[in-house]
Amino acid sequence: MQPTLERATRKFKDLAVYAPAGSYTLLPFRFHVLTPEKELLVSEVGDYLLVPRGTVARVVGRQLTYAEEPDLYADLLAGFFITDSPELPLLDVLATRYRTKKAFLEHFTALHIFVVTLRCEHTCHYCQVSRVTADKNAFNMARHHLDQGIAHMMRSPNPHVTMEFQGGEALLAFEVIQYGVEEAERLAVRHDKQITFVICTNLAVLTDEILLYCQQHNILLSTSLDGPAFIHNANRHRPKRNSYELTIQGIARAREVVGYDRVSALMTTSTLSLEHPLAIVDEYVAQGFANVFLRPISPYGFALRHDRKNKYATDAFLTFYKTALAHILDYNFRGHFLREDYATIILRKILTPFSVGYVDLQSPAGLVNSVVVFNYDGAVYASDEARMLAEMGDVTFKLGHLDTHAYEELFYGPKAREIAGAWANEALAGCSECAFQPYCGADPVLHHATQGDMYGHRPTSVFCQKNMEIIRYLFELMDADPRIEAIFRSWVADFT
Amino acid sequence: MQVQLLSNGLEVVVDAQTFSEATLHKCFYWYTRDYQVTIQPGINHQTQVRLVAKEHVAVDVTALQHQVHNDLLDFRLRELIAEETRPIRELLVAKAFAHYAPPQPLTAPISDPVGFHPLAPAP
Ligand code: SF4
């Protein structure tokens, strides 16, 4: 009998031909109980899937079949939670994605903070570091320290570095900034570096000459705006109680000369701010900003090592944060684009495959890996918070001194290695099992300051309490309303 | 799993063959903010876990019992996933960073017979 010849065809075969054969292999993932009804699966590379409570138990117990639940099965396959191929053909893809997520490590330190002076004409009640003095040169950074700091910056393997000038009030030492900018520009040519210059300033002592200089040298201005006048002036004391007025005038003048988008503002949350989330958001809109950064109340300088007080302060911040975020979403519902920066950082990690290195929320932590601080007196610290601690008498995170330590000793020395023991959340108790690990980070300085130990205790950590709830809440919002997910996606759309 | 309610906490006895020591420690780590936690391995694979509320904590023992039950099952699932996927996870991370090794300087002299390298000794 003649065998029947099957005609070659380019049509898709029946779906049953592609149906996987029963068993599957688990790929690494973690899960979090988001609400009593839902649980969230997060893969090793940060892909997520929201499913009904009890699904993980069924997946692990091999109770899931393609025939009965083709959509869920396909979602689990596509999100790298399971594989039905024993050879793991996509391991290389996963490895590349994992590497991409950690790409912020590739170039090492980017942000170099130069504290050019400690002098300030404000006396803000939450500021631990500034000094008011009539002596113009006291507490300014010396030229040779500036030179050494710039030399270290040029040695960073990172081709794109940021040179950020801070104070006190940095503009009170404008001649130090000028020298630093010009010296760095000169050396950048030789070392093939691209430098972004930033001055952090309250804008109170701004002059036309300073603005012109910033415009000519492409310098970004970062200022502080805590909210409307009654909040800003209460937080930021100045002899004439006119900090708000000077800031608003300064923002307008700077936008005119330096460029509208080259002036940014940050808020510091105080106890007073916590009562006024809507007014703060409205103030940012009134001043023409398209973003607000709702920064947590800082534990440095007040409660510090008091777990319960810190917890109450974080509870109050979370209530403030959620109210303000709802108000920001309302603006977006009405067609006004307004973005919250902290949520945006987390959403970039959740909704895009790219690497997001944000010094306060990354693993390994930003200390040394992404940021270093050269203090006015030549001391070198692992982060800005590390410097604040030092001003309060705790030099745990001092990496060394510009006069006495070489680049290798500062960046790869014993102190950096000690901090490294606590800077990866993959290896911290609590975090190692946490589904939010790819979206969160580690903060050895905060844990040392609040718990007396860099490693930290997650159940009482304000860092964990804040991030776990904010991340959980962002997922809950996206799940509750597809319009919110669309808004969140618009916040990260420009990020590649 | 046997549970005994206390006025300010509870005591559970679990089978150590089902709930490993690691699972118990990972699970009850999260209770250490509000409770004094004691984990006591006993005979016949029975491990006793005792949670006693710290001073500032108001306890609803029924809710606590419910929470402990759910958490134990969830942490056991987490351990099953972690154990089963450990080799893949290790391979994944190793592969991801395989090319991060700094370039090793060549110790042997390189010959440059064509003369590509400007500083190489002439062939
Ligand atoms: S700090 Fe908390 S939320 Fe962040 S990864 Fe660790 S356990 Fe999860």
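Source: prediction; values computed, not measured. Chain identifiers are assigned alphabetically (A, B, ...) following the order of the sequence lines, protein sequences preceding nucleic acid strands; residue numbering begins at 1 within each chain.
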Inset, instruction - Decide if atom CD of A/Gln63 counts as having more than 12 heavy atoms of other residues, nucleotides or ligands within a radius under 6.0 Å. - result: yes
Legend entry - Side-chain (A/Arg458) to main-chain (B/Trp30) donor-acceptor, under 3.5 angstrom: no
Legend entry - Reported OH-to-NE2 distance for the pair B/Tyr29 and A/His457, which is rounded to 0.5 angstrom: 5.0 Å
Legend entry - Segment of A/Cys434 engaging chain B (4.5 angstrom heavy-atom cut-off): neither
Legend entry - A/Phe29/B/Thr85 under side-chain contact (heavy atoms from CB on, under 4.5 Å): CA gap, chis, key distance, verdict: CA-CA 8 Å; A/Phe29 71 88; B/Thr85 61; 6.0 Å; no
Legend entry - Residue A/Leu88 versus chain B: region with a heavy atom under 4.5 Å: side chain
Legend entry - Heavy-atom pair count under 4.5 Å with chain A, highest-scoring of B/Asp74, B/Leu80, B/Thr32: B/Asp74
Legend entry - Per-residue contact mode, B/Lys26 against chain A (heavy atom under 4.5 angstrom): side chain
Inset, instruction - To the nearest 0.5 Å, tell me how far B/Glu84 CD sits from A/Leu27 CG. - result: 9.5 Å
Inset, instruction - Go through the atoms of A/Arg30 and report whether side chain, backbone, both or neither lie under 4.5 Å from a heavy atom of chain B. - result: side chain
Inset, instruction - Provide the closest heavy-atom pair for B/Lys95 versus A/Ala95 in the form atom of the first, atom of the second, distance. - result: CB-CB, 3.7 Å
Legend entry - Residues, nucleotides or ligands: over 12 heavy atoms within 6.0 Å of B/His66 NE2: no
Inset, instruction - Compare every heavy atom of B/Arg78 with every heavy atom of A/His32, then report the nearest pair and how far apart it is. - result: CA-NH2, 4.3 Å
Inset, instruction - Specify which of A/Asp92, A/Thr96, A/Thr100, A/Val33 makes the most heavy-atom pairs with chain B at under 4.5 Å. - result: A/Asp92
Legend entry - Side chains of B/Ile81 and A/Val59 in contact at under 4.5 Å (non-hydrogen atoms): no
Legend entry - A/Glu44 portion near chain B, given a 4.5 angstrom heavy-atom threshold: side chain
Legend entry - Spacing of CZ belonging to B/Phe75 relative to CD belonging to A/Glu433, to within rounding of 0.5 Å: 6.5 Å
Inset, instruction - Count the heavy atoms belonging to other residues, nucleotides or ligands that lie under 6.0 Å from CG of B/Asp60, then report whether that count exceeds 12. - result: yes
Inset, instruction - May I ask you to test the B/Arg89-A/Leu94 pair for a side-chain heavy-atom distance under 4.5 Å? - result: no
Legend entry - side-chain contact (heavy atoms from CB on, under 4.5 Å) between B/Ile88 and A/Thr25, worked out: CA-CA 10 Å; B/Ile88 302 177; A/Thr25 305; 4.3 Å; yes
